[in-house]
Amino acid sequence: MANNNGNRGSMTVEEAGRKGGEATSKTHDKEFYQEIGRKGGEATSESHDKEFYQEIGRKGGEATSESHDKEFYQEIGRKGGEATSENHDKEFYQEIGEKGGKARSEQRDD
C-alpha cells in the first residue's frame with residue numbers, strides 16, 4: 001500500500017484510520033455512536049433538500065435490487081410484518097385499511 005507521506009515504514013491513511021476506529025470503539029459505547037450519528041443526520045438535513053434524499057433512496061434501492069433476489073424481499077417483508085403486528089393492535093389495521101380504501105376510491109374517481 002502507498003504511504004501517505006512517502007516515508008518507509010509509515011502507516012498508510014487506511015491503516016491509521018482502522019487503528020483509530022478500533023481504539024475509539026474500545027473507549028465509547030453504543031450511545032456515543034448514536035449521538036454522533038444523530039448530529040451528522042441533523043447537519044446533513046440542514047444542507048440537503050427532499051430531492052437529495054429521494055435520489056439517494058432511489059440509488060440505494062437500485063443497488064439493493066441488483067444484489068438481492070425475490071426470496072430476500074419475501075424474508076424482509078415477513079420480518080417487517082411480524083414486527084409491525086407485535087407493535088400494533090386491531091384498531092391500527094382497521095385505520096390503515098380504511099385510509100387505503102379511501103385513497104383507492106379517490107383514484108378510481110379520477
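Quick note: numbers below take in every heavy atom, side chains included, and nothing from hydrogens, waters or symmetry partners.
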With sequence neighbours left out, the residues meeting side-chain contact (heavy atoms from CB on, under 4.5 Å) with R108 are R104
Between the side chain of H48 and the main-chain N/O of T44, is any donor-acceptor distance below 3.5 Å? yes
Could you list the residues that satisfy salt bridge (charged side-chain N to carboxylate O under 4.0 Å, His left out) with K79, not counting sequence neighbours? E75
Any pair counted as side chain to side chain donor-acceptor pair (under 3.5 Å), so long as it reaches residues 87-101, sequence neighbours left out: E95-K99, E98-K102
Please name all residues satisfying side-chain contact (heavy atoms from CB on, under 4.5 Å) with E82, sequence neighbours left out, ordered by chain then number. R78
